[in-house]
Protein chains: 2
Amino acid sequence: MSSPAKKVDLRRARGEDTRVLILDAARDALAEDGYARTTTRAIADRADVQLSLVHYHFRGKQHLLAEVLKRENERLLERQRALFAGPETLAEKWRTACAYLSEDLRSGYVRILWELWAVGLADEELAGHWRDAIAGWRNLLTGVAEEWKAELDFDLPISPRALATLVGNAFLGAEAEILAGVTEQEAPHVAALESIGELIDWAERRSRDDDR
Amino acid sequence: MSSPAKKVDLRRARGEDTRVLILDAARDALAEDGYARTTTRAIADRADVQLSLVHYHFRGKQHLLAEVLKRENERLLERQRALFAGPETLAEKWRTACAYLSEDLRSGYVRILWELWAVGLADEELAGHWRDAIAGWRNLLTGVAEEWKAELDFDLPISPRALATLVGNAFLGAEAEILAGVTEQEAPHVAALESIGELIDWAERRSRDDDR
DNA sequence: TTATTAATCGGTCAACCGACCAATCTTCTC
DNA sequence: GAGAAGATTGGTCGGTTGACCGATTAATAA
């Protein structure tokens, strides 16, 4: 068992390593310097790799960035799925989700998401990847909203789909403003999102009261 | 009165005309082609003007775009102020505001706003102008929310400031998604925003009921 | 050993952009 | 009408970018 008939092509393994190296470098470059300063050369420098390797492993800048978006998004989407699958109340989960926002702002993921949104303005293919990424979040939110509505004993004056869209858009808008440099002092972005948690509490209390 | 002693320097008047010509061209270029394709040359071509005039009248690309943003934003902000100063109920005004969104999407203003937001990611000065533009909308919304809360007979479970931020962000998020090509079919952006109008109705009915 | 494939290297290329400038034309002032 | 001020012209320049390519090295397969 210690030496199974594993056929690892050392060349391919090495290649895969550089691939990851380049992906990480591209992610860091986007998060720290933004797209404008993220040239294929800057990425190659960061990865300490020859420029042509970027074109060898990925077909070019466009495809590289698309993979960066996909990888980072799936990672965080998985975390979010795990959160909402947990046993806590929705209000508690919501508060955690708000905490994640601050975390993702610090880590640079939010900036990556929006830098690539901006690229999508002039690059329909990348815009498509961005839509795919966001669709993941929207589907998750919609599922949560539907479950929640089913649990409540009274009718919400808004459909779960519209509610999920509204809440998701509020998140996106807050991210955009924060990235533009609008401070929490000028506009209470996070505080406003957290207050949604209180609205959830309020609705659930009302639902419990109806039970009595 | 028909011929007052007005000293119009024809040179300056001519200059002012070309200024407007360039501003209009820059606006149209941004709205139709996006920032990536909006070069100073493209603007000069559109305005049918020599390239160097762009640098003569404006100090450069950056300052030109800043003025485009300011001009267009003030125009639409004025329209919105007039709307909310009107005699209709808030719910009615809200529906008009939602209709304005579709109009501004068609006219290209929304795209201009967001193309310049994207530029602001790498240009702190322009980001500042963007924040100024948005602050106008936020102040307007906050004022509306405060008035509305004062008229209601029961306490909203959220502060007017947070409410205005939330609603404003929902608008921004919807705009960003629409610009990225997310269709109304995939996510009911406008429908979700319009449903806020129904929430307003609901709250006002509740307020009237309390009066009895 | 030989032949084949994968990965890497160093360098080149055409295209484009914003900024800049010297010369020229137009209008106003005195 | 001379000279000044404002507006416009045509052209250039340095710098950057993404893409591309032929040659080279390393690893596998025959």
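What you see is a predicted model, and the numbers here were worked out from it, not measured in a lab. Just so it is clear, the values below take in all heavy atoms, side chains as well, and ignore hydrogens, waters and symmetry mates.
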Rounded to the Å, how far apart are [X] [atom1] and [N] [atom2]?
X: B/Asp17; N: D/dG6; atom1: CG; atom2: P; value: 17 Å
X: A/Asp45; N: D/dT16; atom1: CG; atom2: C1'; value: 14 Å
X: B/Leu10; N: D/dT8; atom1: CG; atom2: P; value: 12 Å

Once base and sugar-phosphate atoms are separated, protein heavy atoms under 4.0 Å mark nucleotides 8-19 of chain C, 5' to 3', with B, S and - as BBB------BBB
message = Counting distance alone, no hydrogens or angles: does the base of C/dT27 have a donor or acceptor under 3.5 Å from a partner atom on the side chain of B/Arg12?
response =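 By the distance-only test, no, there is no pair.
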inquiry  = Looking at A/Arg11 and C/dA6, is any side-chain donor or acceptor paired with a base atom of the opposite kind under 3.5 Å?
reply    =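 Between C/dA6 and A/Arg11, which were checked side chain against base, a qualifying N/O pair under 3.5 Å is absent.
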Q: For residues 75-84 of chain B, pull every pair meeting side chain to side chain donor-acceptor pair (under 3.5 Å), keeping only residues two or more places apart or in separate chains.
A: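 Of all non-adjacent pairs touching residues 75-84 of chain B, those that pass side chain to side chain donor-acceptor pair (under 3.5 Å) are B/Glu72-B/Arg75, B/Glu78-B/Arg81, B/Arg79-B/Asp104.
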Mind checking what makes salt bridge (Lys or Arg N to Asp or Glu O under 4.0 Å) contact with B/Glu32, not counting sequence neighbours?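 Result, salt bridge (Lys or Arg N to Asp or Glu O under 4.0 Å) vs B/Glu32: B/Arg46.
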> Using the benzene-type ring in the case of Trp, are the ring centres of A/Trp117 and B/Trp117 under 6.0 Å apart?
Replying inline: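 Between B/Trp117 and A/Trp117, which both carry aromatic rings, the centre distance is below 6.0 Å.
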*asked:* What's the separation between atom NE2 in A/His63 and atom NE2 in A/His55, rounded to the nearest 0.5 Å?
replied: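 One finds 10.5 Å between NE2 of A/His63 and NE2 of A/His55.
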TODO: State the CZ-CG distance between B/Arg138 and B/Asn169, to the nearest 0.5 angstrom.
DONE: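 Going from the CZ atom of B/Arg138 to the CG atom of B/Asn169 covers 8.0 Å.
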Intermediate values then yes/no, ring-ring contact (aromatic ring centres under 6.0 Å, His included), A/Trp114 and A/Phe171 = CA-CA 12 Å; A/Trp114 282 93; A/Phe171 245 97; over 10 Å; no
